[in-house]
Participant: 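Sharing a structure below in structure tokens format, with a few things to ask.
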Amino acid sequence: MSHAPLITLNDGVQIPQLGLGVWQLSDEQAFASSAAALAAGYRHIDTAMIYGNEAGVGRAIAESDVPRDEIFVTTKLWNADQGFDSTLRAYDASLKLMGLEKVDLYLIHWPLPSKNAYPSSWRALVQLQKQGRVGSIGVCNFNAEHLERIIGDTGVKPALNQIEIHPDFVQHDLVEFCQSQGIHTESWSPLGQGGELLNQLTLKGIAAHHGRTVAQVILRWHLQTGHIVIPRSSNPGRIVQNFAVFDFELSAEDMAAIAAIEQGKRLGPDPATFNLGA
Ligand code: A2P
């Protein structure tokens with residue numbers, strides 16, 4: 001069985017570069033998809049409190065033959081729980097739902113600049129990590145100014161920043177900033193949410209040339225760009241397909257052709273203004 005390459009984060013922890021995302025899956029679907037993914041060789045699952053499926057993911061881990069310490073599990077602090085004490089409570093609630101003693105990565109889901117609680121939420125994550133209660137700590141959807149503030153406050157850099165990235169929205173400046181800080185980037189909605197990107201003509205041509213699907217070409221692009229990537233699927237065949245990407249390589253010409261298709265199309269909310277649940 002093939003395995004995803006490992007990336008070493010700035011805290012020394014290793015994370016499988018490709019994992020399963022479970023956004024928008026019901027608890028039951030998240031259970032089934034996580035179980036299928038573990039059987040297919042995935043060792044990394046990414047959920048969040050707001051997805052409402054932490055229990056399903058936890059159940060799949062508990063029922064799997066794969067030992068807990070071989071699975072990298074991520075969950076995220078929801079916006080409504082930001083603040084020092086409420087973050088600590090939310091972390092405990094997530095652990096309870098998942099039936100786990102700790103997760104490998106805990107992320108602040110959104111910066112919510114208007115609430116101005118991300119600095120105290122980050123201090124809570126730093127405390128949890130110092131106490132050995134969580135593996136790695138990081139953030140999602142942080143812009144450079146949010147990253148600079150929490151690093152300035154605590155001296156602790158997030159292990160990674162999970163942001164919207166796909167070939168139509170590459171976030172070049174933010175990725176470069178993260179790289180300059182030693183912060184890895186993790187792509188959400190890596191397949192463009194399964195939309196029109198999968199019919200893009202350049203990608204179709206590259207896929208035909210390699211005898212692969214467009215989704216596999218896009219995932220290779222993320223891997224070769226250096227991102228950690230968490231494609232979502234509720235379909236067992238596509239879960240297997242999305243993991244069969246470690247035995248071919250895009251050429252420099254392919255990568256250049258993909259770089260040329262970007263139209264800067266953001267699919268999700270803008271982190272500078274998004275304040276759901278604040
Ligand atoms: P499905 O669950 O039916 O497989 P993203 O990770 O960018 O948010 O994309 C997820 C979307 O892409 C889901 O709608 C998922 O549908 C679809 N998807 C996932 N993998 C593939 C694939 N290999 N081919 C086509 N669509 C895919």
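Whatever order the structure lists ligands and atoms in, that order sets their numbers, starting from 1. Keep in mind that the numbers below use all heavy atoms, side chains included, and drop hydrogens, waters and symmetry copies. Since the structure is predicted, the reported quantities are computational estimates derived from the model, not experimental observations.
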Participant: Should the pair Asp153-Arg123 be classified as a salt bridge under the 4.0 Å nitrogen-to-oxygen rule?
Facilitator: yes
Participant: Looking at Arg232 and Asp46, is there a salt bridge between them, counting it only when a charged N and a carboxylate O are closer than 4.0 Å?
Facilitator: no
Participant: Just need the protein heavy atom nearest to atom 14 (O) of ligand 1, so name the residue and atom and give the distance.
Facilitator: Gln193 O, 4.1 Å
Participant: Could a heavy atom of Gly192 be found less than 4.0 Å from some atom of ligand 1?
Facilitator: yes
Participant: When you measure from atom 7 (O) of ligand 1 to every protein heavy atom, which one gives the shortest distance, and what is it?
Facilitator: Leu191 N, 2.7 Å
Participant: Which protein non-hydrogen atom lies closest to atom 24 (N) of ligand 1, naming both residue and atom, and how far is it?
Facilitator: Arg238 CD, 3.2 Å
Participant: Where's the contact between Asn242 and ligand 1, heavy-atom distance under 4.0 Å: side chain, backbone, both or neither?
Facilitator: side chain
Participant: With rounding to the nearest 0.5 Å, note down the distance linking OG in Ser233 to CG in Leu191.
Facilitator: 9.0 Å
Participant: Counting only nitrogen or oxygen atoms and a 3.5 angstrom limit, does Ala215 reach ligand 1?
Facilitator: no
Participant: Would you give the length of the straight line joining atom CG of Leu250 to atom NE2 of His209, rounded to the nearest 0.5 angstrom?
Facilitator: 9.5 Å
Participant: Output yes when Arg212 and Asp247 qualify as a salt bridge under the 4.0 Å nitrogen-oxygen rule, no when they do not.
Facilitator: yes
Participant: Under 4.0 Å, heavy-atom basis, I'd like to know which part of Arg232 is in contact with ligand 1: side chain, backbone, both or neither.
Facilitator: both
Participant: With Ser94 as reference, evaluate Glu54, Arg89, Lys76 under the side-chain hydrogen bond (donor to acceptor under 3.5 Å, both in side chains) test and give the passing residue.
Facilitator: Glu54
Participant: Could you see which bit of Val214 sits under 4.0 Å from ligand 1, with heavy atoms only: side chain, backbone, both or neither?
Facilitator: neither
Participant: Please list the nearest protein heavy atom to atom 12 (O) of ligand 1 with its residue and the distance rounded to 0.1 Å.
Facilitator: Gly194 CA, 3.3 Å
